[in-house]
Amino acid sequence: MAKTSSLFCAAMLVVLAMGLVAPGRAATLDRAGVAKLFPPPFQVGERDPALPVWPISRRMATRDELVAYVFESVDFQPIPGFSGTPVNLLVALRPDGSFLDVRVLSQHEPVFVDGLGPEPLHEFVRQYADLSLHQSIKIVRPGARTAAAPDGLAVEIDGISKATASVRIVNETLIASALQVAREKLGFSAGRDPNRVARVRKNVFEPLSFEQLLARGYVRKLTLSNAEVEQAFAGSEAAGLDAESLQAPRDTFTEVYVAQIDVPIIGRNLLGEAAWRKLMALLDGGSAMFVAARGRWTFMPDNFTPGGTPDYIALAQAGAPVIWRDFVWSETRDPPKPELATADVAILRIPPEAAFDPAGASEIFLRVLRQKGLVYPEKFTADFKLGYSLPSALFDLPPEDKGLGLASIWASRARDIAILGVGLAMLAVALSRQKMLSRSPRRLQIFRLAFLAFTLIFIGWIAQAQVSIVWLIGAIKALKGEGNFQFLLWDPPTLMVAAFGLVALFIWGRGTFCGWLCPFGALQEFVGAFARATRIRQFALPQRYERLARLPKFIVLAVVVGAALLASSQAERIAEIEPFKTAITLTFLRAAPFVLYAVALLLIGLFHYKFFCRYLCPLGAAFSALSFLRRWAWIARRAECGSPCQLCRVKCRYGAIARDGSVIYSECFQCLDCVAIHDDPRRCAALMLQAKRTRRTDCAPGCLQAMSTRLH
């Protein structure tokens, strides 16, 4: 047993460490540090309480003029580099969406630490000064920039030889973090709030040919003739450089097809059912575009890097560029159109952080390049635009935004609120009549499993009402003045579950939420039921170790609360020790490390009942710490409980009954098994002993009469 306990403790510490290790890092600057980087005539204001940015202003005659918002990229997009640590950038973003300055605060990229040195990276980020978020910024080989106007829609900057991947990570970090600030502070890219984009309807489908997809506008086509391209260069030094365009002006220069392939009615018809589903499984969220080009022009030149961002085709929405990258999709099937058999085809993935709205109108820009000269050629570009939009019937649209919109938010969740209200009412009635519910062990088991299925499937996966420790973090931030409590009202079902759990905390203790209303807890319950059904041996800790094993969840809670108080930017990363987001909110459609962590916890639950809930869950620790608020000891006990009877303690899978028979309410998950045993005359030792004594007492007069008859 000692060996088993040691292995258990070691496994628990490993899992705890996995949860506490966060991929990000804390911001490094305070107001004084920003002031050193932006000395007078600049003035640094107070850090925004709702968003980690500093306003920078400058005195202009009789007033102060806002010059820029300054922030650290690690507070918004801590994208890990090759060292596993994000590059942290200082970004100064002007009110018009252009960059005042970009600097490297810290980086651990191997190529810039031990190879090229840090100076090339500093030179690289200096190129962003005066560029704008309204432009599509492309990274090209050093010295390969074209003669495009610096204020055009697309602009190029020099990359770094031997550090192509690293500078692309830096570019994505910069653009993604700046877009978040621009959306919040500049009213930039209206309608592209990541939380208010449309969602693709998965059940809209009918078989369609390629021609029908074109006719309905699901696939968009742009055809350019040689004459149209020549006209675009007219009046410039690039005019007349293409002999083929002059000789055959009516011939096709290029034919480009674009389609949003994550929409089922498009993707399933273009790729085929099996290939489309495989692609969706690998995309890990976000959207994807199918792009094909045939003719003299292609978006995939000879120097195109698979997995990179195409240089000659760009996507924009709401006046801002959208990040996309080649998905390196290798599935093959017959082309949807015979003419595309010789075309260049790619799947370009749009990540979720790009806030792309699939129901919004988009624009695809094609860039045509011409060169003049041989040794050091001068380059010229012309851009062509293709509009793309899809019918709203293919999407679930977000509710209309009317300011805070609380009424519309609650109205939009009316169905979920009604179903959840009925479910919570049923649970309240059942728990208030526990003796009646537990009178039949079979009835109790059926009701409990049915309600846990409701909790997992409806409350968790459908209504997305998984209460998380992130709520506590948000409350602490609100108390600190870094936000307000309105966030509690934005998700009605979650608020209902949390409120019910808190009210029940006063009546029955923490077990109502942890034992009945937590979707991940319900999932673990079913894992335990599977283990029992398949006779997987589960082990329990001796009671002397059980109390010690409960400490880690309180340590995790203390770390989360401490981070929320002292380093708010880190608190939500530490909260990733909860697998709720992975298993419930995202239904395991997430990056591999998060999925492996959640699955590992469930696998441990096969051998030790509800491992995470009992030993690691910070939310459970918070409820447990508040158990003193419980007003009633509602689980009936007898003098015989604990001595001589130990049945309830042995049967309690949560270790919530002490040797003396008392209930440890701070660890009780309210499964009602002990209530059923307490009132069952066939299992409760005290009731069986009482029945035996009653039978003896009832038998005594008859026995005396029989003995008297024999004597006479």
Side-chain angles (χ1 to χ4, degrees), residues 27-29 33-39 41-45 47-48 51-58 65-79 86-107 118-140 142 145-146 148-160 166-190 192 309 314 316-323 353-355:
T28 58
L29 292 178
V34 176
K36 289 181 180 179
L37 296 173
F38 293 90
F42 296 114
Q43 300 174 5
V44 181
R47 190 179 187 185
D48 192 294
L51 201 70
V53 300
W54 287 274
I56 305 294
S57 60
R58 183 168 50 193
E65 180 183 79
L66 178 66
V67 175
Y69 288 105
V70 174
F71 58 92
E72 295 183 57
S73 63
V74 75
D75 283 331
F76 297 92
Q77 283 296 322
I79 302 175
V87 174
N88 190 18
L89 304 173
L90 176 83
V91 185
L93 187 66
R94 294 190 180 102
D96 63 358
S98 64
F99 295 106
L100 172 66
D101 194 10
V102 179
R103 306 185 193 182
V104 179
L105 291 178
S106 64
Q107 59 89 18
E119 188 54 36
L121 181 59
H122 291 286
E123 289 288 342
F124 171 77
V125 300
R126 278 195 279 267
Q127 297 178 90
Y128 287 94
D130 297 326
L131 300 183
S132 173
L133 284 174
H134 292 279
Q135 297 173 308
S136 176
I137 301 174
K138 302 293 183 182
I139 301 172
V140 299
R145 278 190 286 176
T146 66
D151 58 350
L153 178 70
V155 65
E156 297 173 348
I157 60 176
D158 289 330
I160 303 175
S166 291
V167 295
R168 290 188 186 279
I169 291 173
V170 171
N171 182 67
E172 290 193 19
T173 297
L174 173 63
I175 300 303
S177 59
L179 281 172
Q180 290 187 45
V181 174
R183 277 191 287 269
E184 294 291 333
K185 289 296 182 184
L186 309 182
F188 185 86
S189 187
R192 284 181 60 196
T309 301
Q317 190 174 68
V322 177
I323 300 169
E353 60 267 21

Problem set entry | Test item: Leu89 and Tyr128 side chains (from C-beta on) under 4.5 Å apart, heavy atoms | no

Exercise. Judged by atom type as modelled, is there a donor-acceptor pair below 3.5 Å linking the side chain of Asn88 to the main-chain atoms of Leu105?
Worked result: no

Problem set entry | OH on Tyr69 to OG on Ser57, rounded to 0.5 Å | 10.5 Å

Problem set entry | Distance (rounded to the nearest 0.5 Å) between Ser73 OG and Gln180 CD | 10.5 Å

Problem set entry | CZ-OG1 distance between Phe76 and Thr173, expressed to the nearest 0.5 angstrom | 13.0 Å

Exercise. Are Glu119 and Arg126 within salt-bridge range, i.e. N to O under 4.0 Å?
Worked result: yes

Exercise. Would you call Ser132 and Asp96 a side-chain contact if the rule is heavy atoms closer than 4.5 Å?
Worked result: no

For this session: Please report the closest heavy-atom contact between Phe99 and Arg94, naming both atoms and the distance.
Result: O-NH1, 3.2 Å

For this session: With Phe124 as reference, evaluate Val102, Asp158, Val104, Val167 under the side chain to side chain contact (heavy atoms under 4.5 Å, CB included) test and give the passing residue.
Result: Val167

Problem set entry | Value rounded to 0.5 Å, distance of CG in Leu174 from CG in Leu93 | 9.0 Å

For this session: Work out which heavy atom in Ile56 is nearest to a heavy atom in Leu66; give both atom names and the distance.
Result: O-CD1, 3.5 Å

Exercise. Where do Phe42 and Val70 land on the side-chain contact (heavy atoms from CB on, under 4.5 Å) test, with the steps shown first?
Worked result: CA-CA 12 Å; Phe42 296 114; Val70 174; over 6 Å; no

Exercise. Of the non-hydrogen atoms in Pro95 and Val67, which two are nearest, and what is the gap between them?
Worked result: CD-O, 3.2 Å

Seminar exercise, completed: Residues passing the side-chain hydrogen bond (donor to acceptor under 3.5 Å, both in side chains) test with Gln43, sequence neighbours excluded, are none

Seminar exercise, completed: What one should report as the nearest heavy-atom pair of His122 and Pro118 is CD2-O, 3.0 Å

Problem set entry | Exercise: identify the closest heavy-atom pair between Ser177 and Phe71 | OG-CE1, 3.8 Å

Exercise. With a 4.5 Å limit on heavy-atom distance, are the side chains of Val87 and Ile169 in contact?
Worked result: no

Problem set entry | Atom pair CD/CG of Glu72 and Leu90 - distance to nearest 0.5 Å | 7.0 Å

Problem set entry | Test salt bridge (Lys or Arg N to Asp or Glu O under 4.0 Å) applied to Arg103 - qualifying residues, sequence neighbours left out | Asp101

